[in-house]
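Read the structure below first, then the notes.
Below, each value reflects all heavy atoms present in this structure, side chains not excepted, and no hydrogens, waters or symmetry copies. Below, chain A is the first sequence line, B the second, and so on; all start at residue 1.
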Amino acid sequence: MTTFDANGVTLERVREHVWEITQEGEMRTPARVLASEALLEEISQDKTLEQLQNATHLPGMTNYAICMPDGHQGYGFPVGGVGALDAEDGCISPGAVGYDINCGVRMMRTNLTYSEVKGHEEELVDSLFANIPSGLGGGGIVETGIDDVEEILARGVDWALENGHAVEDDLLHCEDEGMREEADPSKVSQKAKDRGKNQIGSLGSGNHFLEVQRVTDVFDDEVGAAFGLEEDQIVVLIHCGSRGLGHQTCNDYLRKIERQHQGLLSQLPDKELAAAPAGSQLAEDYYGAMNAAINFAWVNRQLIMHRTRRVFERVFDRSWEEMEMDLLYDVAHNIAKKETHTVGPDGRPAAESDATANEERELFVHRKGATRAFPKGHPEVPAAYRDVGQPVIIPGSMGAGSYVLRGGEASMDLTFGSTAHGAGRLMSRTQAKNDYWGGDVQQELEEQDQIYVKAQSGATIAEEAPGVYKDVDEVVRVSDELGIGDKVARTFPVCNIKG
DNA sequence: ATGTCC
């Protein structure tokens, strides 16, 4: 048996790309890392493995705590982590959702080709930057009153449709159709609403961006055709979340849960894993508030996408409908959702159990820096894609391009229908700023790769330099070879705006 | 990620 040792954590290689931390002590389940040996080596450099092992102490953990190939350490629970916790006798943990509730990505198609856009890059990047709010703090596409915030929290993209920021087709191509019905705006604090009300339609900062890209490869012609993707086509990728509103909501509930559920907290190896027991008032309240913040983030991405259509109309002098600027798909990668999955007796993996003992269980599936990747035939895959599988969008760094995958056949058995969410950081923001200077990175991207980047701050470009990220090709290779998310297409940046 | 410490 091949083993891998890192900082007192031992992993056994189960098979290609599957590594397991054996259950011992207070662990409720084993833990699994899905990675190549090279990625595992990178993952082992920070606290990810310790956090993954800690996560198995959460009540109701089912099968395994799982770390994706792009995993790195986060608040309490790894970014790139999946934890399915029993919704009846388990718990829900804000740290296993993440501070940026419904951080996610959407991809919009166009019928433009790269040759039509080449030569317009600077005009396009300037116009996008001028029209799409970005950076820290306030300023959004719509400046609205608190009544609208309440509606957005309750109804998600349905609000955008009613207010002229969306078309019906946009809703059909979004995870959960852009609305969590269990949202309860009354459980979102006034402070969070105040922070959100002037940030509706804004990118934010950090790794959030809007990128115009060209499709460089279509690996699967049938699925590529179903997704409306072909080589040389221009697409737009939008990556952002719920801004200050989601951050405040996460913070509010962490503090409340720490105070009210000290008994559970005392059983956990890390205070940052603070969790509310299923069925408790705070579990209900957090779930309602989190779902409301999820709706807010979907509206945020929707408004940015719709504004992008207007920018393209001005730059290319034709209507967005004429340019067929349709939403391909929007996927969340920081969420928890009550889902039904087939599990074996005592929360063991169904695939490794006697099938007659398997049962359907309601689970809070926490995907933190992990993307839903439902296979073909799943009822929650939009009708347009049901025969091929759910689109999965994996953004790479601004110098490396991105991938479109489709949910793979093995995802339900291995990962509760999930895969990776990006390249994953290799170094801290502080170290990145020591190693890189924004202006140099920007100039190099433009001169060497014809990638036009515009940001509010040079520091953000340094923090997001291509070299601070893992190899997205390797992350996607692992996903594809495991069969949890299959490669469909690859894109390369044309221009990028960020905070 | 985040009015990067109420």
Side-chain angles (χ1 to χ4, degrees), chain A residues 46-48 51 70-81 93-106 133-140 143 149 188-210 238-256 258-259 272 289-290 293-294 296-298 300-301 304 331-336 366-371 395 397-398 421-434 438 455-464 468-469 497-499:
Chain A
D46 61 21
K47 290 184 175 170
T48 312
Q51 290 185 334
D70 55 339
H72 60 92
Q73 76 179 59
Y75 181 90
F77 189 96
V79 175
S93 174
V97 171
Y99 263 89
D100 190 5
I101 296 167
N102 192 5
C103 184
V105 278
R106 63 168 55 193
S134 64
L136 283 172
E143 300 282 335
V149 175
V188 176
S189 70
Q190 193 58 48
K191 190 175 179 184
K193 290 169 184 167
D194 285 339
R195 285 182 71 175
K197 74 182 176 199
N198 64 348
Q199 298 183 326
I200 305 161
S202 66
L203 278 175
S205 186
N207 64 354
H208 290 164
F209 63 81
L210 180 151
I238 296 164
H239 177 205
C240 61
S242 51
R243 303 295 328 278
L245 183 140
H247 188 271
Q248 188 65 46
T249 300
C250 180
N251 207 53
D252 289 342
Y253 281 94
L254 280 169
R255 300 294 91 80
K256 285 187 190 186
E258 285 164 8
R259 283 197 305 268
E272 294 183 356
M290 179 204 64
I294 286 173
F296 182 92
W298 272 323
N300 192 26
R301 292 198 283 278
I304 292 168
V331 273
H333 55 226
N334 269 16
I335 52 98
H366 297 65
R367 298 189 181 92
K368 179 187 186 181
T371 308
S397 74
M398 59 185 168
H421 85 306
R425 289 193 82 83
L426 267 177
M427 66 175 81
S428 71
R429 295 183 175 277
T430 310
Q431 196 188 331
K433 279 182 284 197
N434 286 331
Q456 298 284 354
S457 126
T460 307
I461 300 180
E463 289 173 2
E464 296 298 316
V468 315
Y469 280 93
I497 65 165
K498 59 205 318 89

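We find that CZ of A:R255 is positioned 12 Å from C1' of B:dC5, with the value rounded to whole Å. Note: NE2 (A:H247) to P (B:dT4) measures 9 Å, nearest angstrom. Between the P atom of B:dT4 and the CD atom of A:E464 lies a distance of 18 Å, rounded to the nearest Å. What separates CG of A:N102 from C1' of B:dT2 is a distance of 16 Å, to the nearest Å. Rounded to a whole Å, the NZ atom of A:K191 is 7 Å from the C1' atom of B:dC6. Between the CG atom of A:N198 and the P atom of B:dT2 there is a distance of 13 Å, rounded to whole Å. Between the CG atom of A:D100 and the P atom of B:dT2 there is a distance of 6 Å, given to the nearest Å. For the pair A:N251 CG and B:dT2 C1', the computed distance is 9 Å after rounding to whole Å.
Listed by chain and number, the residues in a side-chain hydrogen bond (donor to acceptor under 3.5 Å, both in side chains) with A:Q431 amount to none (sequence neighbours excluded). Not counting sequence neighbours, the partners of A:R243 by the side-chain hydrogen bond (donor to acceptor under 3.5 Å, both in side chains) test are A:S202.
Aromatic ring centres of A:H421 and A:H239: separated by at least 6.0 Å.
The residue A:S242 sits apart from the nucleic acid: no heavy atom pair falls under 4.0 Å. Nucleic acid contact class of A:G241 (heavy atoms, under 4.0 Å, all strands): none. Among the protein residues, A:K368 comes within range of no part of the nucleic acid, since none of its heavy atoms lies under 4.0 Å from any strand. Looking at heavy-atom distances under 4.0 Å, A:Q199 makes contact with sugar-phosphate atoms alone, never a base.
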Could you go step by step and tell me if A:D194 and A:K197 meet the salt bridge (Lys or Arg N to Asp or Glu O under 4.0 Å) rule?
CA-CA 5 Å; A:D194 285 339; A:K197 74 182 176 199; 3.5 Å; yes
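Dashed line: the shortest gap from a side-chain N or O of A:R243 to OP1 or OP2 of B:dT2 is under 4.0 Å.
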